[in-house]
A.B. asks: 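Encoded as structure tokens, here's the structure I'll be asking about.
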Amino acid sequence: IRTSKEKYRYNFFLKSKKVKSISRYCLPIAVASLLLLMIGSCGGSKSEGRKSPYRIGDPIVDTLNRGKVLPPFAGNYSVAFNDSAYLHQQAADKLGIPPMQTAADTSAYVSDERLIKLPQVTPIFRVEELTHSIPYVVPEMARLLVIISKDFQDSLRNKGLPPYRLLVTSVTRTTESVASLRKTNKNAIEGSVHCYGTTIDITWKRYEKLFGNNTAEVPANKLKHVLGEVLHNLKHRGLCYVKHEKRQACFHITTR
């Protein structure tokens, strides 16, 4: 039988032992949790000096519909390519650069490889003379353009059709060029997704015969269907968002 003083000492001993035990196991867990939260909050923010991990020629990774049968392209462009402006903007915010005021601002982004210049003419695509945009895009968009163009020519070959080159009609716009374009183009809006370097327009109305292609002209609507099949496939593989624009006669494409 313990005296009241002994009971007090015994209870104090048990409490102090329990506190030490809790401190021994819970304190490291609490510290580790706090560190993970801090790292997560830092990683979620967009770095101004971000360099893209992607380069042209990297292997293609499917991110959607893995293992599923891709539905065939039915030829209804307005239904198949109707990704909302919100989706295009979401992808641009994730992968793009901050909108530039003038074309002179590109030098800062080219130096750290956040923008690369598209060649004007290649065997698979040609960038037309640009009046309200500049031929610079983020590496992900350049890589996607190469994939679209190669797949288009492969599809033509598989269908027994002669080779044609895709025509890029609009690339990256500055806030200055958007203001000028809005005077004549109702589709050009302030804060356009074209300002982020993630978006291009490819015309579906005109195609360019490659050198040595002396065969009869393939109707533009047939070539448009082939391009539609290519974009339908890439869109369902999670590589891009696409909007079919009737007024401007182009596919408005944003890399994902």
A.B. asks: Go through the side-chain N and O atoms of Thr199 and Thr254 and say whether any donor and acceptor fall under 3.5 Å apart.
C.D. replies: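 There is such a pair between these side chains.
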A.B. asks: According to a 4.5 Å side-chain heavy-atom criterion applied to Ile, Leu, Val, Met, Phe, Trp and Tyr, with indirect links allowed, do Val138 and Tyr241 form part of one hydrophobic cluster?
C.D. replies: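 Per the 4.5 Å side-chain linkage, Val138 and Tyr241 are not co-clustered.
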A.B. asks: Show the nearest heavy-atom pair for residues Lys209 and Asn214, with the distance to one decimal.
C.D. replies: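 Residues Lys209 and Asn214, closest heavy atoms: NZ-C, 4.4 Å.
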A.B. asks: Can you pull the side-chain hydrogen bond (donor to acceptor under 3.5 Å, both in side chains) pairs that have at least one residue in residues 156-168, sequence neighbours excluded?
C.D. replies: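 Found Asp154-Arg157, Lys159-Glu229, Tyr164-Glu217, Arg165-Glu208.
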A.B. asks: Could you check whether any side-chain heavy atom of Asp201 comes within less than 4.5 Å of a side-chain heavy atom of Ile253, counting everything from C-beta outward?
C.D. replies: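 When only atoms from C-beta onward are counted, Ile253 and Asp201 do not touch, as no gap falls below 4.5 Å.
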A.B. asks: Does a donor on one side chain and an acceptor on the other come within less than 3.5 Å for Glu128 and Thr169?
C.D. replies: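 Looking only at side-chain atoms, Thr169 and Glu128 do not form any donor-acceptor pair under 3.5 Å.
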A.B. asks: What are the two closest non-hydrogen atoms of Pro99 and Thr175, and how far apart are they?
C.D. replies: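 What the structure gives for the nearest pair is CB-CG2, 4.3 Å.
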A.B. asks: What distance separates Ile202 CD1 from Lys224 NZ, expressed to the nearest 0.5 Å?
C.D. replies: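 Between atom CD1 of Ile202 and atom NZ of Lys224 there are 13.5 Å.
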A.B. asks: Hey, any chance Leu167 and Val171 share a hydrophobic cluster, counting ILVMFWY side chains that come within less than 4.5 Å of each other, even indirectly?
C.D. replies: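 No, Leu167 does not connect to Val171 through the hydrophobic network.
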A.B. asks: Under the rule for side chain to side chain donor-acceptor pair (under 3.5 Å), what residues qualify as partners of Thr215, not counting sequence neighbours?
C.D. replies: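 Here the qualifying residues are Asn213.
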A.B. asks: Does Phe251 have Lys243 sitting over its ring (NZ/CZ under 6.0 Å from centre, angle to axis within 45°)?
C.D. replies: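 The answer is no, since Lys243 fails at least one limit relative to Phe251.
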A.B. asks: Would you give the length of the straight line joining atom OG of Ser78 to atom NZ of Lys246, rounded to the nearest 0.5 angstrom?
C.D. replies: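 These two atoms lie 3.5 Å from each other.
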A.B. asks: Evaluate the side-chain proximity of Tyr207 to Leu227: yes if any heavy-atom separation is below 4.5 Å, no if none is.
C.D. replies: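 Heavy-atom side-chain distance check passes, below 4.5 Å.
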A.B. asks: Is the shortest side-chain heavy-atom distance between Leu239 and Leu144 below 4.5 Å?
C.D. replies: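 A side-chain contact under 4.5 Å exists here.
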A.B. asks: Contact between Val110 and Tyr136 at the side-chain level, heavy atoms closer than 4.5 Å - yes or no?
C.D. replies: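 SC-SC contact between Val110 and Tyr136 confirmed.
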A.B. asks: Under the ring pair (Phe, Tyr, Trp, His ring centres under 6.0 Å) rule, collect the residues that match up with His252, sequence neighbours excluded.
C.D. replies: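 Partners of His252 by the ring pair (Phe, Tyr, Trp, His ring centres under 6.0 Å) criterion, ordered by chain and then number, come out as His88, His194.
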A.B. asks: Is Ser149 reaching over with its side chain to a backbone N or O of Leu145, donor-acceptor style, under 3.5 angstrom?
C.D. replies: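 Confirmed, Ser149 side chain pairs with Leu145 backbone.
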A.B. asks: Looking only at heavy atoms, which two atoms of Thr198 and Met141 are closest? And how far apart?
C.D. replies: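 Nearest heavy atoms, Thr198 then Met141: O-SD, 3.1 Å.
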A.B. asks: Looking at side-chain heavy atoms only, is the closest gap between Phe125 and Gln153 below 4.5 Å?
C.D. replies: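 Phe125 vs Gln153: side chains apart.
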A.B. asks: Quick one: does Pro162's side chain get under 4.5 Å of Val218's, heavy atoms only?
C.D. replies: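 Pro162 reaches Val218 side chain to side chain.
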A.B. asks: Ser133 side chain to Leu130 main-chain N or O, any donor-acceptor pair under 3.5 Å?
C.D. replies: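 No, because the side chain of Ser133 does not come within donor-acceptor range (under 3.5 Å) of the backbone of Leu130.
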A.B. asks: Does the pair Arg237 and Leu234 meet the rule for a side-chain contact (heavy atoms from CB on, under 4.5 Å), with working shown?
C.D. replies: CA-CA 5 Å; Arg237 290 167 64 184; Leu234 296 176; 3.9 Å; yes
A.B. asks: Please check if Ile147 and Leu223 belong to a single hydrophobic cluster, counting links between Ile, Leu, Val, Met, Phe, Trp and Tyr side chain heavy atoms closer than 4.5 Å.
C.D. replies: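 Yes, because Ile147 and Leu223 connect within a single hydrophobic cluster, where side-chain heavy atoms sit under 4.5 Å apart.
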A.B. asks: What distance separates Cys195 SG from Arg173 CZ, expressed to the nearest 0.5 Å?
C.D. replies: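 Output value for this atom pair is 7.5 Å.
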A.B. asks: Taking the ring of Phe73 and the ring of His232, is the distance between their centroids below 6.0 Å?
C.D. replies: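 Yes, the ring centres sit under 6.0 Å apart.
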A.B. asks: Establish whether Leu87 and Val242 are linked, either directly or via other cluster members, by ILVMFWY side-chain heavy-atom contacts under 4.5 Å.
C.D. replies: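 No; tracing contacts between hydrophobic side chains, which count when under 4.5 Å, never links both residues.
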A.B. asks: Less than 4.5 Å apart, any side-chain heavy atom of Leu118 and any of Val137?
C.D. replies: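 Counting from C-beta outward, Leu118 and Val137 do come under 4.5 Å.
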A.B. asks: Looking at every non-hydrogen atom in both residues, tell me the closest pair between Pro139 and Ile116 and how far apart they are.
C.D. replies: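 Closest heavy-atom pair between Pro139 and Ile116: CA-CD1, 4.0 Å.
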A.B. asks: For Pro119 and Val127, which heavy atoms make the closest approach, and how far apart are they?
C.D. replies: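 Closest heavy-atom pair between Pro119 and Val127: O-CG2, 3.6 Å.
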A.B. asks: Please check if the side chain of Asn82 supplies one atom and the backbone of Val79 the other of a donor-acceptor pair under 3.5 Å.
C.D. replies: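 A pair under 3.5 Å: no.
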A.B. asks: Check Lys205 against Thr203 and note the closest heavy-atom contact, atom names and distance.
C.D. replies: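 Looking at all heavy atoms of both residues, the shortest contact is N-OG1, 3.1 Å.
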A.B. asks: Report yes or no: do Leu231 and Leu161 belong to one cluster of Ile/Leu/Val/Met/Phe/Trp/Tyr joined by side chain heavy-atom distances under 4.5 Å?
C.D. replies: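 They do share one cluster, since a chain of ILVMFWY contacts under 4.5 Å joins Leu231 to Leu161.
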A.B. asks: Roughly how far, to the nearest 0.5 Å, is SG of Cys240 from CG of Asp83?
C.D. replies: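 Atom-to-atom, Asp83:CG and Cys240:SG are 8.0 Å apart.
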A.B. asks: Can you check whether Tyr109 reaches Pro98 side chain to side chain, under 4.5 Å on heavy atoms?
C.D. replies: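 Answer yes - side chains close enough.
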A.B. asks: OG1/Thr172 to NZ/Lys117 distance, rounded to the nearest 0.5 angstrom?
C.D. replies: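 Here the interatomic distance stands at 12.5 Å.
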